[in-house]
Amino acid sequence: MIVLNSPAPSTLQLNRLYTGEFFRIVKSALDEDGSFILSLPGSLTFLDRPLSQLNNSILQTLKEEFYVNIIPGAYNIFNLGFPLDYEIA
């Protein structure tokens, strides 16, 4: 499990942690059953346009590398990994 415990990308230095290149590096470090967790500012009621654009931009980048589960809230928690391969009996 890898947890990105970093603020939202608001500076050039922080932006590096939210790029496709960084996400590919994280993916290569995970086992097949590993998880990557990060959070972004959210809202319990309404996402204004800038917050919505931030979350959507990063979500689209994450989808290029990971299977994405989101737990919405004041902070949206992104639980990222690989699709589960199992049979339902």
Side-chain angles (χ1 to χ4, degrees):
M1 176 181 289
I2 298 173
V3 177
L4 178 60
N5 186 18
S6 176
S10 58
T11 67
L12 290 175
Q13 190 172 13
L14 289 172
N15 286 353
R16 297 175 191 168
L17 301 175
Y18 297 90
T19 64
E21 180 181 8
F22 179 77
F23 295 147
R24 280 187 290 281
I25 292 169
V26 170
K27 183 178 180 181
S28 71
L30 288 173
D31 291 335
E32 285 185 17
D33 61 347
S35 291
F36 175 40
I37 310 292
L38 65 89
S39 66
L40 291 171
S43 173
L44 294 173
T45 57
F46 177 76
L47 289 177
D48 62 10
R49 187 173 184 87
L51 199 51
S52 177
Q53 289 174 334
L54 170 70
N55 276 268
N56 191 48
S57 173
I58 294 171
L59 173 62
Q60 296 311 313
T61 305
L62 287 166
K63 283 182 172 181
E64 293 175 11
E65 299 298 327
F66 296 103
Y67 180 78
V68 180
N69 288 307
I70 303 171
I71 303 170
Y75 281 88
N76 295 324
I77 299 170
F78 291 75
N79 180 7
L80 311 155
F82 303 96
L84 297 175
D85 186 22
Y86 59 91
E87 293 182 29
I88 298 175

>> Per the side chain to side chain donor-acceptor pair (under 3.5 Å) rule, what does the pair list look like for residues 7-19, sequence neighbours excluded?
In response: none
> When clusters are formed by joining ILVMFWY residues with side-chain heavy atoms under 4.5 Å apart, either directly or through shared neighbours, do M1 and L80 land in the same one?
Replying inline: no
> F66 vs F82 aromatic rings, parallel, tilted or perpendicular, using cut-offs 30° and 60°?
Replying inline: tilted
> Are F22 and I2 joined in one hydrophobic group, where the rule is that I, L, V, M, F, W and Y side chains link up if heavy atoms are under 4.5 Å apart?
Replying inline: yes
> Which atoms form the tightest heavy-atom contact between P9 and I58, and what is the distance?
Replying inline: CG-CD1, 3.7 Å
> Any chance CG of D48 has more than 12 other-residue heavy atoms, nucleotides or ligands included, within less than 6.0 Å?
Replying inline: yes
> Between L51 and L40, is there a shared hydrophobic cluster once you connect ILVMFWY residues whose side-chain heavy atoms come closer than 4.5 Å?
Replying inline: yes
> Just how far is it from atom CG of L38 to atom CG of L17, taken to the nearest 0.5 Å?
Replying inline: 10.0 Å
> Do you know the tightest heavy-atom contact between S6 and L14?
Replying inline: OG-CD2, 3.4 Å
> Which is it for F78 and L59 under the side-chain contact (heavy atoms from CB on, under 4.5 Å) test, yes or no, and what are the steps along the way?
Replying inline: CA-CA 9 Å; F78 291 75; L59 173 62; 4.2 Å; yes
> Shared ILVMFWY cluster between I37 and V26, side chains joined below 4.5 angstrom?
Replying inline: no
>> Considering only residues two or more places apart or on different chains, which pairs with a residue in residues 28-37 satisfy side chain to side chain donor-acceptor pair (under 3.5 Å)?
In response: none
> Do you know the tightest heavy-atom contact between G73 and L44?
Replying inline: CA-CD2, 3.8 Å
> For I71 and N79, what are the C-alpha separation, side-chain angles and deciding distance, and is it a side-chain contact (heavy atoms from CB on, under 4.5 Å)?
Replying inline: CA-CA 8 Å; I71 303 170; N79 180 7; 5.6 Å; no
>> Is there a path of hydrophobic side-chain contacts, each under 4.5 Å between heavy atoms of I/L/V/M/F/W/Y residues, joining I77 to L62?
In response: no
> Is there any salt bridge (charged side-chain N to carboxylate O under 4.0 Å, His left out) pair reaching into residues 56-67, and which pairs are they, with sequence neighbours excluded?
Replying inline: R24-E65, K27-E65
